[in-house]
Amino acid sequence: MTLKKFAVTFALGSMALLTAGATVSTAQSHVNSPDPLLGTPSVATETSNIDGITGHAESGKHLYRRFCIGCHGPDGNGQGMNAQWIDPKPRDFTEATFKCRSTPTGTLPTDEDLYNAITRGFVTTNMPSWRPLNPQQRADLVAFIKTWSPRWAKEKPGASLNIPPETAITIESILHGRELFQKLECWKCHGPEGHADGPSASTLTDSKGNPILPFNFSTGERFMCGDSNRDLYRIFMTGLDGSPMPSFADVIQPNDAWDLVHFLRTLQVALPNQELTLWQTYKAAHGKDLKPIGPDSAGGAQ
Amino acid sequence: MPTKFREGANPMNIKWSRWKTILTCAFLVLAIVLCDARAASALPAGKVIALPMFARKYGLPCSACHTAWPELNNFGQVFRDNGYQLMNDRDSPIWQNPSYFPISFRITPSWHRETTTNQQVDSVPGNGLGDGIGTLTQAGFDLSGMDLWSGGTLYKNISFILLPSSDPTAVWHFESAFIRFDNLWHSPWLNVKFGRFELDNLISEKRFLFLSANGGLYQIYHFDNPGSSNNFGYGDNQIGVELAGHSANSYTRYSVSVLSSNEGGVNFTTDVVPGGTPSNRSYDVNLAFSQAFNAPGTPGESGFGLERVGAFAYIGQRPTNYETELGTQLVGINNKPFFRIGFAGDLSYKNLELMPLFIYGHDNPYLGAGVPSTAPLPPGAQAPTFYGGFLEAHYYFNPQNVALARFEQINVGQQAFTNTSFGGSNGNITAVSFGYRWYPIMFSRAGVALDGEFSRVRTIGQEPESGNGTGVVGNPTGAVWSNSIYFGIDFDF
């Protein structure tokens, strides 16, 4: 009898301990991350549409909990438990401000833009490529992300940038692109050689007040918003909202934009490319005649 | 009725042991139920644990790579296939803060109870005769071995794993140690691994969810025909080089490895701790291929997820004789071949994951008979074969809670001798395991999993536990039942 009692007490005691432990851990974690993803009313209904796939926020919610919550946070505000260690900070979805868009600056991105960003990841940041998830899952995540901000209910995404066919890669095109780089003052941030060392480079902050560096073209790193010439075209035409990188859609003519693309490629000295080869040959012969890019240069700037 | 309590110490012997069992089970079930209720209602979500050295490096939640730690999902598979890289422009260790050190520890304190029937015992303790047959039961608190993981990148596209591992008494060995050259010629299809590593098994026994003595292994990954001198097991890490490749999303995967024929042994022996028999000088080959696909049907509505199927084969050889010096074995010679082939799957439907596996094994008769191939085969010797597999099921209530079940069956197809005194079923194994894992803590810096298991294994007519307890094969249908009840707290950081 006494043994039985002892056993019962022991078992109950252990259970009590365990429960207490769980309660404490729950209470503690509660401080940092409240009950996860209770969801906004739109979780039930929000959808996304990508190339014939319909994403559902309700399914996206489970995926978000598994894959994204540690960075983007239980409230979608970019304050997941790992955020404190991460630079640049995870995106705050409650602001609905996105970097990689095909739509004009200030507008919401298309579903496809978000889908592409999730698929591609941000190669110079902690944001991984989620290509290993299947297309349906990625579409579901897009739908879920849109439930974090009321903007998605009120506004429509902007119109996608229309990108004309690429013009020929010629030395004239590159030279004209170089003039634009000077004239539009890309160098002020990105530096005359694209080394991210322009006069303003060290002063920049993003929309959350965090210091941010311009892109360094010379290291061999890839662009966050896509690898191809079309991606590059889109990057400076629509800008990276939330960062100091402006949109130039209002100041660059569509075909001129291709010239700038061709020139920017020549700055990527660690990534072999066609433009670079052409440029290096040209520079070997005519390097002396080129006016250096920068404040004192009249080269191309009025 | 054998019992581990001293005569007279407890007059309620039988009742007490029954009570013990009942209470233990109740405790486990209740603990699990309570835990689950808590998890479902209030816990913060999405923090399953990974090898925290990787999770820390990339700031990822553990559940990103693991269906349930330590089992990998496709994201984790791609990460692993890429050489523990996310393939961004920050994989190289130069991007890490100098104070970052790629090390993780893992160990599991536990309580468990092991029972084995039909064991040879002394009928009177201490008589030294081995003249009785009895059931052995042992129970109490215990420790697992410890893993001291370290791994990551040495440079972009050069990765490594170093895993010193100990048994519970802190005898250490190198469980894994390899360097891997990733994405040769910028192609994910070409990666070369060099060192000691786990075979490219579609269903990994190193990253699986069972821990108990009977359930914590796949029987078929360690099965060899009774009496065979072959020691190969799919579950054992091997030593050699592996060429492997995968599509960008790892849906398609292949690997070819060339391995020393010594069961992963080091120092030219067949073991990783001192005392192994000497190895031979030959090589084995392992081939693996798998393909995953998104099941047909309206995506998102059919309930099917990513489905993977694959096939594999191992062609090896083992010595049947040794060069000797004054009788001491020096080098294995007179190798004879064996092979294993099989297929496996990793299938999902909604929250259910199903993992079937089948293997057929075939040894040369000399390996079965265990005699030098220079001598004639003993009468009746024949090629030993076996076949079997398992079906494992996981049900994921959410990333923090998973219920597990597995059924295994292995049949000996052909015994090593035609004229055995025991039946054709000698060596057959049937095993069932059930478990539940709850992950209360899933930070990317540390993880804790509570693990409850019950596992039962039936082995037929194995010497000396032959069923009549004499150590002499007499009862062809005698079966040994081994049961594990296990409760552990698995943690790593």
Structural part of B:Phe79 lying under 4.5 Å from a heavy atom of chain A: neither
Could you tell me the separation between the [atom1] atom of [X] and the [atom2] atom of [Y], rounded to the nearest 0.5 Å?
| X | Y | atom1 | atom2 | value |
| --- | --- | --- | --- | --- |
| A:Leu133 | B:Phe75 | CG | CZ | 7.5 Å |
| B:Tyr251 | A:Asn134 | OH | CG | 5.0 Å |
| B:Asn249 | A:Arg131 | CG | CZ | 8.0 Å |

Minimum side-chain heavy-atom gap A:Pro128-B:Leu60 below 4.5 Å: yes
B:Asn73 side chain near A:Phe67 side chain, heavy-atom distance below 4.5 Å: yes
Closest contact, heavy atoms only, A:Pro132 versus B:Asn74: O-ND2, 3.0 Å
Nearest heavy atoms of B:Pro399 and A:Arg66, plus distance in Å: CA-NH2, 3.7 Å
Polar side-chain atom of B:Asn88 near backbone of A:Asn126 as donor-acceptor pair, under 3.5 Å: no
Taking side chain as everything from C-beta outward and backbone as N, CA, C, O, which of these in [X] sits under 4.5 Å from a heavy atom of chain B? Side chain, backbone, both or neither.
| X | answer |
| --- | --- |
| A:Ser129 | backbone |
| A:Thr219 | neither |
| A:Pro135 | side chain |

More than 12 heavy atoms of other groups within 6.0 Å of B:Gln291 CD: yes
